[in-house]
Amino acid sequence: MPDYKALGGAASLFSYGPGAAAAAPGSVSGALPFGSQAAIQGLGHGVQQQLHLQQDQLQQLLRAPPLRLDYDIAAYSSFSASYHPKHIMVNKPHDQSSRWSSGSNNQMQYILLKLDHMAIVQTITFGKYHKVHVCNLKEFKVYGGMTPNNMLELLHSGLRNDSEQETFALKHKANGVIFPCQYIKIVPLLAWGANFNFSIWHVEMRGIAQPEIVERVYWQHANYRETEVIRLCLKHFRQRNFLDSFQRLQECTNLQLEDPLLTDLHRQLVINGDFDGAEELLTRAASRLLFEDYIGGCTYKPNWRRIVPSDPDSPTPGMRGGHQMCIDVDNGVIYLFGGWNGTQDLSDFWAYHQATEHWVNLSMDTRKQSGPGPRSCHKICFDPKRGAIYILGKYVDPESRPNVPLDSDFWRYDISASKWTRISSNTAQEGGPELIYDHQMVVDAKSQVLYVFGGRTIVADVAQTVYSGLYAYDITRNQWTLIRTDTSQPENTIQLKSRIGHSMLLNPLTRELYIFAGQRNKDYLSDFYVYEMDTDTVHEVARDYTKLGGPDAGFTQRATIDTSLGEFYVLSGLMREKNATQETVRNSFWVYSLKKNKWTRVYQNENTGADYWAQMADREPRPRYAHQLVYDHTRRCQYLFGGNPGEIGNPNLRLDDLWELRLVRSVHCRRTVLGRPAQWLQPRLTACDPNRPTTDDVLRRAKFLVRRQRFREMCQSAGQHDDPLRALQYLQTQVAQVVNHDDEAESKAFRELTGYLFRWTMSSKKATVPANPDAGLAGMGGMGAAAPGNAAGAHAFGAGGMATNGSQGVKSKGAQPCIPCGICMRMTDTADGTATDTYLLRTELYESLQEFFPDSMREPKENLVDLVPMG
């Protein structure tokens, strides 16, 4: 292991080789990885500036265009006949013998590729035979690493059984740190033909191979791994009260385990038993808004409300599906246009005013105001800069196509002037899309560019399937630009295939488009792509997000986004589960965190019976598709209207109900403490905010946990240092002060704390505390029982100073020295089911309080003991 102190302390942890100054490890976005933030905060301001500057320089270098990476065949499992693995190094799609074919179809088959030079491998492209072939890989995995014996899974996906080559993005970043590879291993899992051997026709990899970049990334990754190993050791030593070992390792490496504020919190709470000081630090953290990440990670609970006009005679939009809505957030108005009512297309135009909760009919037929004609499956979007609404596309029945013009008209509605303008009678003649339907359209208000992607082109020949590409419309210059077609895209890049019924969202902060789901041909999709508008680059986030815990493949799902929270929302429509052939109408509501790349299901109702939904008519919307959903990010509420319930026997039925959805966050604990499930903190909805808990609410809960432990120790030391009546008074005043008595579960848990007053033993040597006297304390901060096996005679002391202590720690007054190994600090119970280790309980409390802080400030989440192999 390097001598970190000799190399200059923590600064050397971010060097790209011995003695070389360099940037701290980080992701392409520029954020420093977990652990590096804590280490950097201990450096001088000038060194910090230098590290961040070098980090930014590295990010610029990593944006270099990817290069083709040369490789050789290092090893393989087997091959059949003359189909040697070396054939994959050349691309001969018309030569049936130019492939690797395994000698068996078991899952032990593989090819190991060795790169000519270490590189950051970003993509892998699989060439194919010019015809469909049964030996193509339906499922496979790709691994990568610096050695064949230590490899990380980079990809788990599959090829389509066609003749088009496919390019996949490979994982090249872990925990925010980019890593290079020398070896790539391809492991076939399943062929398209049952019982057939596996075949790979061609493999090409691309990435960054420039030595000056790769070397820096290599040392960054190596140093990061060394840093995390040391931090895990520091955590383990402090957790077990091996404080001498902790201090010596920290002095040797000059590494910080966590943010200094949390180190102070540990010192005050765990070592000194200064509960007042701990509360002061928590208050300081709240004033710095350090609980925002925790609040953002709290789970949601859906709160549906059906909006019914106060005046039953007031006009409202009728039943419909395939309509479109957009929202003017600043003025609190939702606009609705067109749709299909089960018998005909509509051309009515409505405005819903959120403040008064009533509809205003702007027109029953916009043609009379020189506006667009009836239509459905079109798209509209609102431009807040111009105060205008844009309309493009429509569906035309196959039987009607020979009798009507198939021109793509394009419209704008000026809200302030209440005026329609036909921008174009046929966008195809001006470089824009043909007449399309079930596409997506968004507007970038800042740059005044409107983006249109996907949709199916209306053509006279109904047997012909043509998908539209990606277009940009410059509003200021009235000019269309074709960015990508469906059939022609840059080679060896991620292919953005067009589809219908998908979702597309704009993130103006990052200047990205998020495109996911939909239908292509007969396939329902569950893929997710990001399009960078400024660089014309496509990134694949997921080929199948269902495998990653996301929704099933879907069609006509509706999505909205909140860029300030860094998340988007999806209300499903038509769904198709894996290996199923029938569509189901099932509404589920999902939240996707952009920061954490994580799907969370908030709501789902599996009921399909008409009788059930008749009873739920005013409580919850019935499942539907072809509906519309808009989001008010200032009020943080969604609005749902209409749709097709897909009722068997009544295919023309459409809905006309309007719903408001608010997502209410609940406070909860999200991981384990000391490697065990933290069952002491169940979800609890905040009473002070209709949408999410506040910083004050989190601070109150944190104080409750602290005061709860203080009360436990007062009961524990009753008869030695504290009067039981004093403990009771503290419970009735100080603890009660931070309890939410409106919450039944929390109030019940508070009342059960009185049980501690009857469980203390008058003794000058030992006072026992029940390991978990509030097993019914569901949700309220009971620290839980320690793990079995503790030495029965471990000492425990009162509310001040370190509780139990080996000879390496800070001694409490009157403490008898323990065995120097610190054995009494381990997470154990005594034989009679009591826990006497106050240091343990305080450590558990400290780790619980860390839940409220950002990951970048905290000690590693992992535990050293979990790394021990048990096979």
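The chain is numbered in sequence order, starting from 1.
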request  = Could you tell me whether the side chain of L269 reaches within less than 4.5 Å of the side chain of L845, counting heavy atoms only?
outcome  = yes
inquiry  = Suppose we screen for salt bridge (Lys or Arg N to Asp or Glu O under 4.0 Å). Which residues come up paired with R238, at least two apart in sequence or across chains?
reply    = E258, E859
inquiry  = Which label fits F750 and H741: parallel for a plane angle under 30°, tilted from 30 to 60°, or perpendicular past 60°?
reply    = perpendicular
query = With a 4.0 Å cut-off, would you call R231 and E228 a salt bridge?
reply = yes
inquiry  = Tell me every residue that passes salt bridge (Lys or Arg N to Asp or Glu O under 4.0 Å) with K598, counting only those two or more places apart in sequence or in another chain.
reply    = none
task = Indicate the ring-plane relationship of H266 and Y839, choosing parallel, tilted or perpendicular according to the 30° and 60° boundaries.
result = perpendicular
ask   = Quick one: side chain to side chain contact (heavy atoms under 4.5 Å, CB included) partners of Q250, sequence neighbours excluded?
value = L234, F246
key: Under 3.5 Å side-chain donor-acceptor pair for E292 and T695   = yes
task = Going by the side chain to side chain donor-acceptor pair (under 3.5 Å) test, name the single residue among R842, Q239, K861 that passes it with E847.
result = Q239
request  = Answer yes if the side chains of Y300 and E567 hold a donor-acceptor pair under 3.5 Å, and no otherwise.
outcome  = yes
Any donor-acceptor N/O pair, R707 side chain to Q734 backbone, under 3.5 Å = yes
key: With sequence neighbours excluded, residues passing side chain to side chain contact (heavy atoms under 4.5 Å, CB included) with A702   = L282, L849, F852
query = Tell me, do K703 and T283 make a side-chain contact under 4.5 Å, heavy atoms counted?
reply = yes
message = Measuring only between side-chain heavy atoms, which start at C-beta, is P693 closer than 4.5 Å to C298?
response = yes
task = State which residues pass side chain to side chain contact (heavy atoms under 4.5 Å, CB included) with R751; sequence neighbours excluded, sorted by chain then number.
result = E744, S747, K748
inquiry  = Going by salt bridge (Lys or Arg N to Asp or Glu O under 4.0 Å), name the residues that satisfy it together with E153, two or more places apart in sequence or in a different chain.
reply    = K141
query = Under 4.5 Å between any side-chain heavy atoms of E215 and M118, yes or no?
reply = no
query = A736 and Q732: which non-hydrogen atoms are nearest, and at how many Å?
reply = CB-O, 3.3 Å
query = If you look at every heavy atom in L757 and P724, which pair is closest and at what distance?
reply = CD2-O, 3.9 Å
Any side-chain heavy-atom pair of F179 and M146 under 4.5 Å = no
task = Using a 4.5 Å cut-off on heavy atoms from C-beta on, say whether the side chain of R708 contacts that of Y756.
result = yes
ask   = With sequence neighbours left out, what residues match Q729 under side chain to side chain donor-acceptor pair (under 3.5 Å)?
value = none
request  = Search all heavy atoms of V735 against all heavy atoms of L753 and return the closest pair with its distance.
outcome  = CG1-CD1, 4.1 Å
query = In Å and rounded to the nearest 0.5 Å, what is the CG to CD1 distance from N241 to I271?
reply = 7.5 Å
request  = Enumerate the residue pairs fulfilling salt bridge (Lys or Arg N to Asp or Glu O under 4.0 Å) with a member in residues 727-741, sequence neighbours excluded, ordered by first and then second residue.
outcome  = none
task = Determine, for D855 against K595, whether the closest basic-nitrogen to carboxylate-oxygen distance falls under 4.0 angstrom.
result = no
note = Taken in chain and number order and not counting sequence neighbours, the residues that satisfy ring pair (Phe, Tyr, Trp, His ring centres under 6.0 Å) with F291 are F853
ask   = Which salt bridge (Lys or Arg N to Asp or Glu O under 4.0 Å) pairs, counting each pair once, include a residue from residues 260-272, with sequence neighbours left out?
value = D264-R267
ask   = Is there side-chain contact between L232 and L867, with heavy atoms separated by less than 4.5 Å?
value = yes
query = Once you round to the nearest 0.5 Å, how far does CZ of F237 lie from CD of Q247?
reply = 13.0 Å
key: Side-chain donor/acceptor of N175 to backbone N/O of V177, under 3.5 Å   = no
note = With sequence neighbours left out, the residues meeting side chain to side chain contact (heavy atoms under 4.5 Å, CB included) with Q268 are N272, D274, L281
note = With Y846 as partner, the option from L841, V706, L705, L265 fulfilling side-chain contact (heavy atoms from CB on, under 4.5 Å) is L265
key: Separation between NE2 of H172 and CD1 of I120, rounded to the nearest 0.5 Å   = 7.0 Å
message = Going by the rule side chain to side chain donor-acceptor pair (under 3.5 Å), which residues pair with Q182 if we only count those two or more places apart in sequence or in a different chain?
response = none
request  = Flag the pair K235 and E862 as a salt bridge only when some basic side-chain nitrogen lies within less than 4.0 angstrom of an acidic carboxylate oxygen.
outcome  = no
inquiry  = With a 4.5 Å cut-off on side-chain heavy atoms, are L565 and S593 touching?
reply    = no
